[in-house]
Protein chains: 2
Amino acid sequence: MPPPSLPSPAVDIQNLSRSCNRILILSTLSSGPHHGYQLAIEIEEKSDGAFRFQHGTLYPILHKLEREGLIRGDWMVERSRRRRKSYRLTEAGDQYLQEQTAGWHEFLDRFAHVVERRKS
Amino acid sequence: MPPPSLPSPAVDIQNLSRSCNRILILSTLSSGPHHGYQLAIEIEEKSDGAFRFQHGTLYPILHKLEREGLIRGDWMVERSRRRRKSYRLTEAGDQYLQEQTAGWHEFLDRFAHVVERRKS
DNA sequence: CCTCTATATATCGAGCCTCTATATATTAGC
DNA sequence: GCTAATATATAGAGGCTCGATATATAGAGG
C-alpha cells in the first residue's frame, strides 16, 4: 500500500518545529542505522546539548515516519542486549530529506530577506 | 506593573514558529510604526507571498506582544479613515528583538552543525 | 541474590499555538 | 443603498510537544 499522504514537503512557518525534528532524525539516519535511544543521544551530543528529544516526543515521531514509509524499523534481538528497534532511511525517506533540506534553505532565504536588512 | 514574564528569550526547537512570527513582526516594526493589517501586507510582500499571517494568528500575537510590553498600540482616529491601532516597538521590544535575532542565529549554527555535514 | 542505575521503548493527558470561521464596523465605488 | 475592501476581534478545532508514567532488561555493587 502507498504510504499515507505525507505532510506537505514545503517548510512552512507553521510547522517549523516538526520540520526541524524530522530533518534532524532523517539526517542522522542518513549516516547509517540508529535505534531511537541512540538517535536522541547522538543528536544531543552533536548539538552540544541544544537539541534534546524527550521520549514522549521522539517515539511518536519515529512511529509516524515509519507509517509514512520514510524510515523502516527492524527489531534487533541479540543475546545479552535489550531488544532494540533499528531504524534506517528508506529511499523515499532519502528523497524526502533532500526536499526538506532544500525547503529549509528556501525558508531561510525568505526569512532573511524580510528580517536581516532592517538592521541598518 | 512589570510586563508578564516573557517567553524564554532563547530560540528553542519547540517554539520556532512562535519565535519566527514574533521576529517578523518586531523586525518590521523596527523600521517604523505599523498597524496590524499593514504588517500582514508588508510581510507578505517582502517574502514574496511566503509568510502570510491569517487574521486569527496575527491579532492574538499582537495582543500578547502588547501585554508583554514589547510593542505599544495607540488608536488612531482620523476623519475619513477607519479606526486603526498603530503599533510601535518599545525599548524593551527592541532589546528583545536583538536577543531573539541572536538566538535565532545561534539556533541555525547548531542546526547546521548537526545536519549539514552529513551531505558528503 | 537483590537493589539501583542506565538502557530502551511506549503511551496518555495537558498545554500551547496556529488556523478556520465568524462577527463587527467603516470607507469607497457603483 | 449595496457591495467590496479595509480593519480589528474572538471562539472553536486540531496538531504537536512535553511531562509523567509504565514496562522490561542488563550491568554494577553490596
Side-chain angles (χ1 to χ4, degrees), chain A residues 4-8 10-25 33-45 50-68 71-87, chain B residues 4-8 10-25 33-45 50-68 71-87:
Chain A
S5 64
L6 296 175
S8 81
V11 176
D12 293 322
I13 204 170
Q14 301 88 4
N15 52 29
L16 284 185
S17 298
R18 201 190 58 190
S19 284
C20 282
N21 282 334
R22 290 162 74 98
I23 291 177
L24 284 175
I25 289 172
H34 293 64
H35 60 270
Y37 200 81
Q38 193 182 4
L39 279 169
I41 291 173
E42 187 167 328
I43 291 173
E44 183 172 350
E45 283 176 355
F51 304 144
R52 303 186 65 237
F53 276 100
Q54 308 300 326
H55 293 177
T57 305
L58 177 63
Y59 292 107
I61 293 177
L62 288 174
H63 299 162
K64 196 174 184 201
L65 288 172
E66 189 172 18
R67 282 201 310 277
E68 291 167 356
I71 65 177
R72 185 178 145 186
D74 300 295
W75 283 107
M76 308 299 258
V77 184
E78 305 164 43
R79 277 164 306 160
S80 75
R81 253 290 171 218
R82 291 158 223 81
R83 88 203 201 291
R84 305 180 300 183
K85 204 168 183 181
S86 179
Y87 289 103
Chain B
S5 63
L6 297 174
S8 79
V11 176
D12 293 322
I13 205 170
Q14 302 89 5
N15 51 28
L16 284 185
S17 298
R18 201 190 59 189
S19 284
C20 282
N21 282 333
R22 291 163 73 98
I23 290 176
L24 284 175
I25 290 171
H34 292 64
H35 60 271
Y37 200 80
Q38 193 182 4
L39 279 168
I41 291 173
E42 187 168 326
I43 290 172
E44 182 172 352
E45 284 176 355
F51 305 144
R52 302 186 66 237
F53 276 100
Q54 308 299 329
H55 293 175
T57 306
L58 177 63
Y59 291 107
I61 294 177
L62 288 174
H63 298 163
K64 196 173 184 203
L65 288 172
E66 190 173 17
R67 281 200 310 278
E68 292 168 355
I71 65 178
R72 186 179 143 183
D74 300 295
W75 283 106
M76 308 300 259
V77 184
E78 304 165 44
R79 276 164 307 159
S80 76
R81 255 281 170 228
R82 294 159 221 78
R83 87 199 203 294
R84 304 180 299 183
K85 203 168 183 181
S86 178
Y87 289 102

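Below, all heavy atoms of this structure are taken into account, side chains as well, without hydrogens, waters or symmetry copies. Numbers restart at 1 for each chain; the letters A, B, ... are given by sequence-line order, proteins then strands.
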Worksheet item: Got a second to check how far B:I43's CD1 is from B:E45's CD, nearest 0.5 Å?
Response: 11.0 Å
Practice prompt. With rounding to the nearest 0.5 Å, note down the distance linking CZ in B:R52 to CG in A:D12.
Written response: 11.5 Å
Using whole Å, what does the distance between atom [atom2] of nucleotide [N] and atom [atom1] of [X] come to?
| X | N | atom1 | atom2 | answer |
| --- | --- | --- | --- | --- |
| B:I43 | C:dT18 | CD1 | C1' | 15 Å |
| B:R83 | C:dT24 | CZ | P | 13 Å |
| A:L62 | C:dA8 | CG | C1' | 12 Å |
| B:Q54 | C:dC17 | CD | C1' | 14 Å |
| B:E68 | C:dC16 | CD | P | 13 Å |
| A:I13 | D:dC16 | CD1 | P | 17 Å |
| A:I41 | C:dA6 | CD1 | C1' | 10 Å |
| B:N21 | C:dC17 | CG | P | 11 Å |

Worksheet item: Do the ring planes of A:Y59 and A:H55 sit parallel (below 30°), tilted (30 to 60°) or perpendicular (above 60°)?
Response: perpendicular
Worksheet, complete the sentence: For A:F53 and A:A40, the nearest pair of non-hydrogen atoms, with its separation, is CB-CB, 4.3 Å
So what's [N] paired with, Watson-Crick or G-U wobble, going by both distances under 3.5 Å?
| N | value |
| --- | --- |
| D:dT3 | C:dA28 |
| D:dG30 | C:dC1 |
| D:dT25 | C:dA6 |

Which of these nucleotides, [options], is closest to any side-chain atom of [X]?
| X | options | result |
| --- | --- | --- |
| A:Y37 | C:dT9, D:dA9, D:dC18 | C:dT9 |
| A:H35 | C:dA8, D:dA7, D:dA9 | C:dA8 |
| B:R84 | D:dT8, D:dA5, C:dT9 | D:dT8 |

If you compare every side-chain N and O of [X] against the phosphate oxygens of [N] (OP1, OP2), does one of them come in below 4.0 Å?
| X | N | value |
| --- | --- | --- |
| B:K64 | C:dC17 | yes |
| A:Y59 | C:dT9 | yes |
| B:Q14 | D:dC18 | yes |
| B:R82 | D:dA7 | yes |
| A:R18 | D:dC16 | yes |

Response to the item:
Result for side-chain hydrogen bond (donor to acceptor under 3.5 Å, both in side chains) between B:Q38 and one of B:H35, B:E42, B:H34 points to B:H35
Worksheet item: Hey, does B:G56 reach any base, or is it just sugar-phosphate, or nothing, if we go heavy atoms under 4.0 Å?
Response: base
Worksheet item: Across the strands shown, which category fits A:H55 at heavy-atom distances under 4.0 angstrom: base, sugar-phosphate, nothing?
Response: base
Response to the item:
The residue among B:I71, B:N15, B:L65 that forms side-chain contact (heavy atoms from CB on, under 4.5 Å) with B:R22 is B:L65
Worksheet item: Nearest nucleotide by nearest heavy atom, which residue falls closer to the 5' end of DNA chain C, A:S86 or B:P60?
Response: A:S86
